[in-house]
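Both backbone and side-chain heavy atoms feed into the values below; hydrogens, waters and symmetry mates do not.
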Amino acid sequence: KLKVIYLHPPKTGGTFIENNLINYSNEKKTFKAGFSDNQNMFGLEGVYTKNKHQYLNDYKKLIPDKVFIDLKVLISIREPLDRIISYYFGAADKRNQKIFSLFKNINNFSQKKFNKNIFGKFFYRYKQPKYTEKDFINFINIVSNQSDFLKIDGKIHKPDYLINFSKIDKDLETFLRQYNIQLTEIPKNKYNVHQHQFDISQIKNNKNILEAIRNSHHYVDYKTFNF
């Protein structure tokens, strides 16, 4: 097993990375969301992993010090505004996955009682959020940044490995090669790609949005990861 903690900020290509690492970890996939599948949408749980987007500080609290000290830290990252856009329109996100309320209520009940969903992903449909500048700026302020995933007691811990979304195949292959592991899971039919239909230049060229990013908690990511 890899002696590595992988930190997965949402919308940084983490599902692809996890599919490559899962056989070398002690984690197991979970399927608590009704629209989960085995490839593009799943959770992760393990002895020290309580959810797939866990922070380093949480791992530090759960892992014995004598074990933690020997672990390397890997994190996937993405240019902050690109990441937020992907998050906002994300097809794999609960807020954009819709299902009839009756089916949703039944799933909530069966998940709670039997840890399974009666109605699977084929009953869910992607509904693109209605974009407004105000809503997007509000979203900027409620979404977590990437630097916080690296904090221990409020201080950013320097990671041992970085995988940049813009060159995810190359960075992941380089990382795996150090552990003599082949890149086996090739991304096919990425679930988020082309699900939404929106000219994102309206966001990227919006001066108010760019100003909101500069004034937000995401701006530290540009310094932490040299974007």
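- For the residue pair Phe165 and Gly13, the shortest heavy atom distance occurs at CD1-N, 3.6 Å.
- Of all heavy-atom pairs between Tyr88 and Lys130, the closest is OH-O, 3.5 Å.
- Between Phe225 and Ile75, the shortest heavy-atom distance links the atoms CZ-CD1, 4.3 Å.
- Annotation: Lys50, atom NZ; neighbour count of heavy atoms from other residues, nucleotides and ligands within 6.0 Å is above 12.
- Without hydrogens or angle criteria, Asn26 side chain to Gly46 main chain gives no donor-acceptor distance under 3.5 Å.
- The environment of Lys1 atom NZ is dense: over 12 non-hydrogen atoms of other residues, nucleotides or ligands sit within 6.0 angstrom.
- For Lys29 and Phe42, the positive end sits near the middle of the six-membered ring, less than 6.0 Å away and at most 45° from its axis.
- The minimum heavy-atom distance linking Asp221 with Gln146 is given by the pair OD2-N, 3.0 Å.
- Between Glu211 and Arg214 there is a salt bridge, with a side-chain nitrogen of the basic residue lying less than 4.0 Å from a carboxylate oxygen of the acidic one.
- Salt bridge annotation for Lys204-Asp82: present, with a cationic side-chain nitrogen under 4.0 angstrom from a carboxylate oxygen.
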Ile181 vs Tyr24, side chain to side chain contact (heavy atoms under 4.5 Å, CB included): CA-CA, chis, key distance, verdict: CA-CA 9 Å; Ile181 299 173; Tyr24 305 95; 3.6 Å; yes
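- Taking 4.5 Å as the limit, every side-chain heavy atom of Val47 sits out of range of all side-chain heavy atoms of Leu62.
- Put simply, OG on Ser25 and NZ on Lys3 are 15.0 Å apart, with the number rounded to the nearest 0.5 Å.
- Checked by atom type and distance alone, the side chain of Asp135 never pairs as donor or acceptor with a backbone atom of Tyr131 at under 3.5 Å.
- The distance from the CD1 atom of Ile203 to the CD1 atom of Ile137 is 10.5 Å, given to the nearest 0.5 Å.
- At least one donor-acceptor pair closer than 3.5 Å links the side chain of Asn57 to the backbone N or O of Asp153.
- The hydrophobic clustering, which links ILVMFWY residues whose side-chain heavy atoms are closer than 4.5 Å, places Leu210 and Ile200 together.
- Under the 4.5 Å side-chain contact rule for hydrophobic residues, Leu150 and Val220 do not share a cluster.
- Going from atom OG of Ser147 over to atom NE2 of His217 covers 10.0 Å, rounded to the nearest 0.5 Å.
- The closest side-chain donor-acceptor pair between Tyr48 and Glu27, if any, does not fall under 3.5 angstrom.
- In this pair, Tyr55 and Phe149 present their aromatic rings parallel. The plane angle is below 30°, not in the 30 to 60° band.
- With hydrogens and angles ignored, the 3.5 Å screen pairs no side-chain donor or acceptor of Asn164 with any backbone N or O of Lys167.
- A donor and an acceptor atom, one from each side chain of Ser201 and Asp199, are located under 3.5 Å apart.
- Of all non-hydrogen atoms in Gln182 and Leu176, the two that sit nearest each other are O-CD1, 4.1 Å.
- Hydrophobic clustering keeps Leu44 apart from Leu7 (ILVMFWY residues linked when any side-chain heavy atoms are closer than 4.5 Å, directly or through intermediates).
- The side-chain contact (heavy atoms from CB on, under 4.5 Å) test with Leu71 singles out one residue from Val4, Leu2, Asp160, Ile5, and that residue is Ile5.
- In this structure a side-chain-to-backbone donor-acceptor pair under 3.5 Å is missing from Asn20 to Leu183.
- The hydrophobic clustering, which links ILVMFWY residues whose side-chain heavy atoms are closer than 4.5 Å, places Ile209 and Phe227 together.
- Between the side chain of His218 and the backbone N or O of Leu81, no donor-acceptor pair lies under 3.5 Å.
- With contacts defined as side-chain heavy-atom distances shorter than 4.5 Å, the pair Ser76/Pro9 qualifies.
- Judged by distance alone, the side chain of His53 and the main-chain N or O of His8 form a donor-acceptor pair under 3.5 Å.
- Between Phe16 and Leu21, every side-chain heavy-atom pair lies at or beyond the 4.5 Å cut-off.
- Tyr222 and Tyr87 end up in the same hydrophobic cluster when Ile, Leu, Val, Met, Phe, Trp and Tyr side chains are linked at under 4.5 Å.
- Contact annotation: the side chain of Ile85 approaches that of Phe136 to within less than 4.5 Å [non-hydrogen atoms, C-beta and beyond].
- Atom CG of Leu162 and atom CG of Leu74 lie 8.0 Å apart (nearest 0.5 Å).
- Geometrically, Lys72 does not engage Tyr161 in a cation-pi contact, judged by NZ or CZ lying under 6.0 Å from the ring centre and within 45° of the ring axis.
- Side chain of Thr49 to backbone of Glu45: no donor-acceptor contact under 3.5 angstrom is found.
- Once rounded to the nearest 0.5 Å, the distance linking CG of Leu172 with CD1 of Ile17 reads 6.0 Å.
- Taking all atoms of both residues into account, the shortest heavy-atom contact from Asn19 to Ile22 is O-CG2, 3.6 Å.
- Contact check on Lys52 versus Glu18 returns a salt bridge, with a Lys/Arg side-chain nitrogen under 4.0 Å from an Asp/Glu carboxylate oxygen.
- At distances below 3.5 Å, not a single donor-acceptor pair connects side-chain atoms of Lys151 with backbone N or O atoms of Ile156.
- Between the side chain of Arg78 and the backbone N or O of Lys11 there is at least one donor-acceptor pair closer than 3.5 Å.
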Carefully, step by step, assess Phe68 and Leu56 under the rule side chain to side chain contact (heavy atoms under 4.5 Å, CB included). CA-CA 11 Å; Phe68 186 87; Leu56 185 59; 4.0 Å; yes
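- For the atom pair CG (Asn145) and OG1 (Thr224), the distance works out to 7.5 Å, reported to the nearest 0.5 Å.
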